[in-house]
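Letters A, B, ... are given to chains in the order of the sequence lines, protein chains preceding strands, and every chain is numbered from 1. Keep in mind it's a predicted model, so treat the numbers as computed, not measured.
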There are 2 protein chains.
Amino acid sequence: MANRAKATIFDIAREAGVSKSTVSLVLQGSGLIRPETTSKVRKAIEDVGYVYNRGAANLRKAHSNVIGMVINDLTNPFFAELAVGMERVFQSAGIVPFIANTAENPVRQEEVLKSLMEQGVAGLIVSPARGTTPGAFRRIETAGVPVVFAMRRLPESRIPVIAPDNHRGAYLAAAHLIGKGHRRLVFFGGSSDLVVYHERLGGFREACETLGIAARDILIVEGETSRKGGIACLETALAMAEPPTAALCFNDAVAFGAMLALRKRGLEPGADFAVVGFDDVVEAEHYMPALTSVAVDSAGLGERAAHVMLKMIQSRTTRAEDHIGAVNLVVRESCGPDRRTRSRPAGSGNAA
Amino acid sequence: MANRAKATIFDIAREAGVSKSTVSLVLQGSGLIRPETTSKVRKAIEDVGYVYNRGAANLRKAHSNVIGMVINDLTNPFFAELAVGMERVFQSAGIVPFIANTAENPVRQEEVLKSLMEQGVAGLIVSPARGTTPGAFRRIETAGVPVVFAMRRLPESRIPVIAPDNHRGAYLAAAHLIGKGHRRLVFFGGSSDLVVYHERLGGFREACETLGIAARDILIVEGETSRKGGIACLETALAMAEPPTAALCFNDAVAFGAMLALRKRGLEPGADFAVVGFDDVVEAEHYMPALTSVAVDSAGLGERAAHVMLKMIQSRTTRAEDHIGAVNLVVRESCGPDRRTRSRPAGSGNAA
DNA sequence: TTGATTTATTGGAACGTTCCATTTATAGGC
DNA sequence: GCCTATAAATGGAACGTTCCAATAAATCAA
């Protein structure tokens, strides 16, 4: 089976006793070919161990069938979920998405994007790396390749975005905390080079302000968006002269870190200090205590992004509407009982 | 910048006032071109918004620079780590790996593999989906494309494998449990269609047998390799007439599930029932209690796999040696204190 | 039978590169 | 100044497909 040099449609043609054009037609599933001829060709294809050369085909064909998916952090299950959601819809459209990881590195992202473009992708779904420069996608835009951003956006870009309603999610979470009786709140993690950060922080601020929290009781501690960052944030917060009693965290990883740090200090997350996460990754439910978090349905957003992309490709446009996905607060145990029913007000249980 | 139709080297040539061949040479970084000419061409490339067509190039060139990475479950951080490790070494070799997810589905895997082959990959690193048929890679082998398996292997395949020493890892873990005084042990999760399962179970068995555990005290509960599966396994085990006191779990997800189920029953993982995981994913360290687990260094194995692949491509071979990665048991808190020092022997603390 | 129509099949040009064999320009030796 | 050696640039064929226009074969109406 199969000699050294790779087989082409000419080899198939010879084997089946037809012309290369006929083979090409069969390959494309054209109905013009007589059934017996078709099966003769099919057999020859098997016999010579043929593998279709999509590169050659794309030289003539208008459109390729590959879509690139550029993700900033594959090890974050949140983004992996996003990828999985996209794959679901592409699969049913007969498209194979290729995933590439940028590890939150703009330089790497540049390489990855370049490579994907050279490969002739039909479209790109991107969760841009932190620190992506504004012009990073100009080349791609002028090439007319459709791009959609997922989860994250760039400051002043015209590229359509599929993302959760970060502002509202943060608002809901903060409102929940305030409803529980907390009066001095902190926002943990993230940094201002991320648009998402501003959205979430904005929601947090708005809730605090409209629900009567004094400006001096609205705290912010920036930090890495990881467990480690969460630990650091908590240490910083508890070292304050007047520590907060509740934290809304930039994402679940930060929340896990904060809970861990709490435990290390002998404090019980929920009872002694309230923690809310963001994203609602699968582990949130299984943590001890289970983490209250803002669910964003990343797989659903992935599906949405894929649909938008499909439509853009089909209608040969590079424009599309943004889509802001609904969020909802999943209340679990990390915020403890209602504080207003307790005798001692905020600040209790803060023994180091 | 850039008119509608995509620019080719001819457009660059016209713009720069040279021939297409010169442009091609510049593109390939040939030193034969005069520096001033080179920069003239470089400028033209910018001006026309050129994007290199790798498909066309591969028609002539012997080798492509893309490597496919086929992963069975991207949402499992363990596999995501593997991917990240590979990327590290490919990046420094100027290669962009494309990742595709099979979601543990052999049919999907078939499609993904086909698509990657059509794209003209130079090599394939695969963590095969469960239930992959023996012949699934024959086509690829006869096409002469190098393949290496990572983490998992197929029953009778000749394809090189990069995997952790599952047998030894399980042996170490079981020995640890026995050393702690446990005398009735169970293996949780997995199923016999996976070679890895047999390896890990084999190590568990060998440790039990050589360290004097009676055959009737060596229990096995198959199950899904997920949190859910772990929960089910634990329920099954505790429902036995004579329940075990310690479990070695197929992987960390199963272990997390088991610990969860323990908690739900009011039992304390570690003190009341010992649990050991496998893979040592990042969360293992952060769990409550921290999970004792067999560390396999998946990122390191990913790097190794990538190196092997690079060498295979370079030496134009499709053969390579297997590589069995070292493992080590990371002892944390999920196995509790030494049981031999306690008054009551195995079986205590098992109130439902 | 003839011409028109439909159904199957085919040759050739094109797609955007690379690479080889040439050609042209530049420099060096005498 | 001429010949040779070297450096720089070039034209053309090839890579494996698709698609159009053209041909060949089969069917049908008269």
Side-chain angles (χ1 to χ4, degrees), chain A residues 2-42 44-45 48-66 114-115 117-121 143, chain B residues 2-42 44-45 48-66 115 117-122 143:
Chain A
N3 28 13
R4 272 321 76 204
K6 43 190 71 182
T8 75
I9 51 172
F10 284 93
D11 299 307
I12 300 172
R14 188 167 1 88
E15 185 82 6
V18 298
S19 80
K20 63 162 186 21
S21 302
T22 304
V23 176
S24 175
L25 258 5
V26 170
L27 247 19
Q28 295 172 82
S30 160
L32 293 180
I33 306 295
R34 213 157 27 123
E36 350 168 10
T37 308
T38 298
S39 56
K40 208 167 48 180
V41 171
R42 286 257 152 72
I45 289 177
V48 303
Y50 172 74
V51 1
Y52 184 74
N53 184 332
R54 202 168 286 278
N58 285 343
L59 226 39
R60 291 281 325 194
K61 287 221 282 232
H63 253 358
S64 88
N65 79 145
V66 359
K114 178 153 171 271
S115 181
M117 286 298 288
E118 293 180 355
Q119 223 57 235
V121 294
Chain B
N3 29 14
R4 272 319 77 199
K6 43 191 69 183
T8 74
I9 51 172
F10 285 93
D11 300 305
I12 299 171
R14 189 168 358 89
E15 185 82 7
V18 298
S19 81
K20 63 165 187 18
S21 302
T22 304
V23 176
S24 176
L25 257 6
V26 170
L27 248 18
Q28 295 171 81
S30 160
L32 292 179
I33 307 296
R34 214 157 26 125
E36 352 169 8
T37 308
T38 298
S39 57
K40 206 167 50 180
V41 171
R42 285 258 152 71
I45 289 177
V48 302
Y50 172 74
V51 2
Y52 184 73
N53 185 332
R54 203 167 284 278
N58 285 343
L59 226 37
R60 291 280 324 192
K61 285 221 284 232
H63 255 358
S64 88
N65 79 145
V66 0
S115 181
M117 286 298 289
E118 292 180 357
Q119 222 58 233
V121 293

Below 4.0 Å from chain A heavy atoms, what is the first contacting nucleotide of DNA chain D and what is the last? D/dG16 to D/dC19
Classify the side-chain pair A/Thr22/A/Ser19 by whether it contains a donor and acceptor separated by less than 3.5 Å. yes
Pick base, sugar-phosphate or nothing for A/Ser21, based on heavy-atom distances below 4.0 Å to the nucleic acid. base
Students often get this wrong, so: under 4.0 angstrom with heavy atoms, is A/Ile33 touching a base, only sugar-phosphate, or nothing? sugar-phosphate
Select base, sugar-phosphate, or nothing to describe what A/Phe10 touches, counting heavy atoms under 4.0 Å on all strands. base
Would you find a donor on one side and an acceptor on the other, under 3.5 Å apart, between the side chain of A/Asn58 and the backbone of A/Lys61? no
To the nearest 0.5 angstrom, please state how far the CZ atom of B/Arg54 sits from the CD atom of B/Gln119. 12.0 Å
Strand-adjacent residues in residues 22-29 of chain A, judged by heavy atoms under 4.0 Å from DNA chain D: A/Ser24, A/Gln28
Using the side-chain contact (heavy atoms from CB on, under 4.5 Å) rule, take A/Tyr50 and A/Ile9 through it: C-alpha gap first, then chi angles, then the decisive distance, then the call. CA-CA 8 Å; A/Tyr50 172 74; A/Ile9 51 172; 3.7 Å; yes
Enumerate the protein-to-nucleotides 22-27 of chain C contacts in which both atoms are nitrogen or oxygen and the separation is below 3.5 Å.
none

For residues 30-38 of chain B, run the donor-acceptor check on the side chains, cut-off 3.5 Å, and write out each pair with its distance to 0.1 Å, sequence neighbours left out.
unit_1, atom_1, unit_2, atom_2, d
B/Ser30, OG, B/Leu32, N, 3.1
B/Arg34, NH1, B/Glu36, OE2, 3.2
B/Thr38, OG1, B/Arg34, O, 3.2

Sequence neighbours excluded - salt bridge (Lys or Arg N to Asp or Glu O under 4.0 Å) pairs with any residue from residues 13-27 of chain A: A/Asp11-A/Arg14
Net bend of the helix from C/dT1-D/dA30 to C/dC30-D/dG1, end axes of five pairs each, nearest 10 degrees: 50°
Could you check how far CZ of A/Arg14 sits from P of C/dG11, rounded to whole Å? 14 Å
